[in-house]
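In what follows, a single structure is set out as C-alpha cells and then discussed.
So that the names make sense, note that chain A is the first sequence line, chain B the second, and so on, each numbered from 1.
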Protein chains: 2
Amino acid sequence: MDDWLKDSVEVEASWVTVDLAIFTIRDDQLMVLLIERGLEPFLGRPALPGGYVQKNETLRDGALRELREEAGIDGGRLHLEQLGAYGDPQRDPRGRVVTVAYLALGPDLPAPVGGTDARRAYWAPVSQLTDEAEVLAFDHLAILSDALEEIRRKIEYTAVATAFCGESFTLSELRTVYEVIWGEDLDPSNFRRKALNTIGFVQPTGERWHPPTGRPANLYRRGSAWLLSPPLLRGTGNAA
Amino acid sequence: MDDWLKDSVEVEASWVTVDLAIFTIRDDQLMVLLIERGLEPFLGRPALPGGYVQKNETLRDGALRELREEAGIDGGRLHLEQLGAYGDPQRDPRGRVVTVAYLALGPDLPAPVGGTDARRAYWAPVSQLTDEAEVLAFDHLAILSDALEEIRRKIEYTAVATAFCGESFTLSELRTVYEVIWGEDLDPSNFRRKALNTIGFVQPTGERWHPPTGRPANLYRRGSAWLLSPPLLRGTGNAA
DNA sequence: GAGCGTTTAAGTCAATATGACCTTTAGGGG
DNA sequence: CCCCTAAAGGTCATATTGACTTAAACGCTC
C-alpha cells in the first residue's frame with residue numbers, strides 16, 4: 001500500500017460499509033427492516049441496517065454479520081445478493097464512505113431486535129415509505145428504491161419469489177408473493193398453469209396443507225431452476 | 001471520521017478502485033478492452049482498465065475518467081452501468097482494495113491507446129479469454145464472466161443491445177448484435193417482427209442504407225423504451 | 001436493359017401460449 | 001347432509017411463436 005499512490009495525490013482511503021435492504025412479506029404487505037439510528041449522524045432517524053466491513057471478511061460475509069448483529073437474523077435461511085455500490089462523495093457527512101448495498105429476502109421473519117448502534121429495529125411497510133418519503137438517513141431511500149425495482153423485475157425471470165416463502169409452500173402463497181410485490185391481482189388458475197409449466201420452478205413435496213376452510217392445497221418446494229424459462233411476465237406486457 | 005470507530009477495532013480504511021469491462025463488437029466478434037499492466041502487481045499481465053477513485057468524484061465519474069485516461073474513450077458516446085462491487089480481502093496482494101466494476105458498451109470503437117499505468121491497450125476477443133482462461137490480473141476474470149452474463153441476460157429485456165450500434169442502424173445490424181452475444185443464429189424475419197412489435201424498441205429514421213449488394217435497408221434509431229415488453233427471449237426457452 | 005446474385009421486407013400457417021372465464025373437487029362447520 | 005370456501009382442473013377465443021416461403025429493391029454483368 002505504498003508506491004502505487006505516488007502519482008495520484010487526489011486519492012485517499014475510504015471507509016467501506018455494507019447496508020442491507022431486508023424484505024419480507026407480513027400480512028400481505030411487503031415490509032422492509034429499518035433501524036432507528038443510535039449514533040450520529042442522523043441520530044434517531046430511520047435507516048437501513050448496516051455497518052463497516054471488517055478487516056478480513058468478504059463483502060458478503062460482512063453483510064451476513066450485520067444481518068446477525070443488527071437485525072438478529074440468521075442469514076442461512078434467506079436469500080442474499082448484492083445490489084450495488086453507492087459512493088457519492090456527499091452521501092455521508094463524515095467523509096468518504098462507499099457502501100455496498102445488499103438485498104435480503106426471507107419468509108415471515110421473527111420480530112427483530114435492536115443491535116449495537118441501532119436503538120431499535122422494526123418492520124416498516126414499503127408502501128408508506130415511498131409515498132410519504134419518510135426521511136431515511138443517508139441515501140438509503142435511493143438504495144431502497146433500487147432494491148424494490150430489482151425485486152419487481154427479478155421475480156419475473158428468476159425463482160427468487162420462493163425466497164419469501166418457507167421451505168414448502170402452496171401455489172396460493174407463491175401467487176400472493178407476486179401480487180404483493182407487483183401490487184396487482186393475478187388469476188389464480190392461470191398463475192398455477194404458468195408456475196407448473198415453467199420447468200424447475202416448483203416441485204411438489206407430496207404433502208398437503210389444510211387451510212382453515214376449503215380444499216387442501218398441495219405443497220411445493222423450490223425446484224432446481226433458478227432462471228425461469230419461460231419467465232412469469234407481469235401484467236399487460238407479457239406478449240412474448 | 002472519528003468516534004464511530006471506537007468500538008470496532010477490526011475496521012480499517014480501504015482503497016476503492018473502479019474497473020471497467022468495456023465491450024464492443026468488431027468483425028462479428030464480441031471484444032473486451034484489456035490493458036497490459038505497467039506496474040506491479042501483475043506487471044505485464046492483461047487486466048481490465050481501472051484505477052483509484054479520487055477524492056471528490058462519484059464512482060460513476062471515476063469510471064468515466066478512467067475510461068478516458070486508460071482507454072482514450074469519450075464516455076459520452078457509450079452506455080455505462082455499474083456491475084457490482086468486488087471486495088474479497090485476498091483479491092489484491094497489496095491489501096484491502098474494494099473495486100467497483102462498471103460495464104461499458106459501445107459501437108465499434110477506435111483502436112485504444114495505452115494510458116498512465118497501462119503499457120498498452122487492445123481489444124481481445126471474448127471467446128478466447130473464457131476458453132483459454134488467460135491469466136487476467138486480480139479477480140478480473142470473475143468480473144468479466146459476471147459482465148458477460150449480465151449482457152446476455154440484459155439484452156433480452158432492455159434495449160441495451162442498441163448501445164452496440166451507432167446512432168442509426170439497420171435491423172440486420174441489431175440482429176447481429178444478438179447473434180454475436182448469444183452465439184446463435186436468429187431467424188431474420190422473426191427477429192424483425194419481434195423488434196418492430198416491441199413498442200418503443202426501435203424507431204424508423206426514415207432514411208435508408210445501401211449495402212454493397214442487395215436491397216436497401218431501413219435505418220432505425222433507439223426508441224423511447226428502455227425496458228422491452230414483450231422481451232426478446234433467446235433461443236429455446238421463449239415459450240412465455 | 002434483361003438476367004443474376006444478394007439482401008431486405010413481408011406473408012403464410014400450423015403449433016402453442018395466453019387471458020378470461022367456468023366447473024369440479026375436497027375439506028370444515030352447522 | 002347441506003352449505004360455504006379455497007384449490008384444482010377445464011374450456012375457448014385470441015394472440016404469439018417458429019419455421020418457411022414469397023416478394024421487393026438494389027448493384028453488376030453481359
Side-chain angles (χ1 to χ4, degrees), chain A residues 28 156-157 165-166 168-180 182 184-221 228-240, chain B residues 28 156-157 165-166 168-180 182 184-221 228-240:
Chain A
D28 286 359
E156 287 194 326
Y157 57 92
C165 302
S168 67
F169 48 86
T170 68
L171 289 185
S172 295
E173 267 183 89
L174 185 60
R175 176 170 46 82
T176 301
V177 171
Y178 280 89
E179 290 176 332
V180 166
W182 284 342
E184 63 184 67
D185 285 349
L186 302 177
D187 183 287
S189 188
N190 293 338
F191 179 83
R192 165 188 311 281
R193 182 177 55 192
K194 281 227 68 169
L196 295 178
N197 281 346
T198 300
I199 50 173
F201 186 18
V202 295
Q203 199 175 24
T205 65
E207 304 196 319
R208 295 199 299 172
W209 177 77
H210 290 254
T213 174
R215 177 173 177 172
N218 293 333
L219 284 172
Y220 297 84
R221 64 167 60 91
L228 303 184
S229 78
L232 273 96
L233 300 171
R234 65 194 286 196
T236 50
N238 61 355
Chain B
D28 285 358
E156 287 193 328
Y157 58 91
C165 301
S168 68
F169 48 85
T170 68
L171 289 184
S172 295
E173 267 183 88
L174 186 59
R175 175 171 47 83
T176 301
V177 170
Y178 280 89
E179 290 176 332
V180 166
W182 284 342
E184 63 184 64
D185 286 348
L186 302 176
D187 182 288
S189 189
N190 292 339
F191 178 83
R192 165 186 311 279
R193 183 177 55 192
K194 281 226 67 168
L196 295 178
N197 282 346
T198 300
I199 50 172
F201 187 18
V202 294
Q203 196 175 26
T205 66
E207 304 196 320
R208 297 199 299 173
W209 178 76
H210 289 252
T213 172
R215 177 174 175 170
N218 293 334
L219 283 172
Y220 297 84
R221 63 168 61 90
L228 302 184
S229 79
L232 274 96
L233 299 171
R234 65 195 287 197
T236 50
N238 63 354

What integer distance in Å separates [X]:[atom1] from [N]:[atom2]?
{"X": "A/Asn197", "N": "C/dT16", "atom1": "CG", "atom2": "C1'", "result": "11 Å"}
{"X": "A/Leu186", "N": "C/dA20", "atom1": "CG", "atom2": "P", "result": "11 Å"}
{"X": "A/Glu184", "N": "C/dA20", "atom1": "CD", "atom2": "P", "result": "11 Å"}
{"X": "A/Leu233", "N": "D/dT17", "atom1": "CG", "atom2": "P", "result": "10 Å"}

Exercise. Step by step, work out the side chain to side chain contact (heavy atoms under 4.5 Å, CB included) result for A/Trp182 and A/Glu156.
Key: CA-CA 10 Å; A/Trp182 284 342; A/Glu156 287 194 326; 3.4 Å; yes
Self-check item: ring-ring contact (aromatic ring centres under 6.0 Å, His included) partners for A/Phe191, two or more places apart
Solution: A/Tyr178
Exercise. Using a cut-off of strictly less than 4.0 Å, decide whether A/Lys194 has a side-chain nitrogen or oxygen near OP1 or OP2 of C/dT18.
Key: yes
Inter-residue atom distance [X].[atom1] - [Y].[atom2], 0.5 Å rounding:
{"X": "A/Leu233", "Y": "B/Leu233", "atom1": "CG", "atom2": "CG", "answer": "6.5 Å"}
{"X": "A/Tyr220", "Y": "A/Cys165", "atom1": "OH", "atom2": "SG", "answer": "13.0 Å"}
{"X": "B/Arg192", "Y": "B/Ser172", "atom1": "CZ", "atom2": "OG", "answer": "6.5 Å"}

Exercise. Please report the shortest heavy-atom distance between A/Thr205 and A/Arg221, naming the atom on each side.
Key: CG2-N, 3.8 Å
Quiz item: For nucleotides 5-11 of chain D, read 5' to 3', which letter fits each nucleotide if B means a protein heavy atom sits under 4.0 Å from the base, S means only the sugar-phosphate is that close, and - means neither?
Solution: BBBBBBB
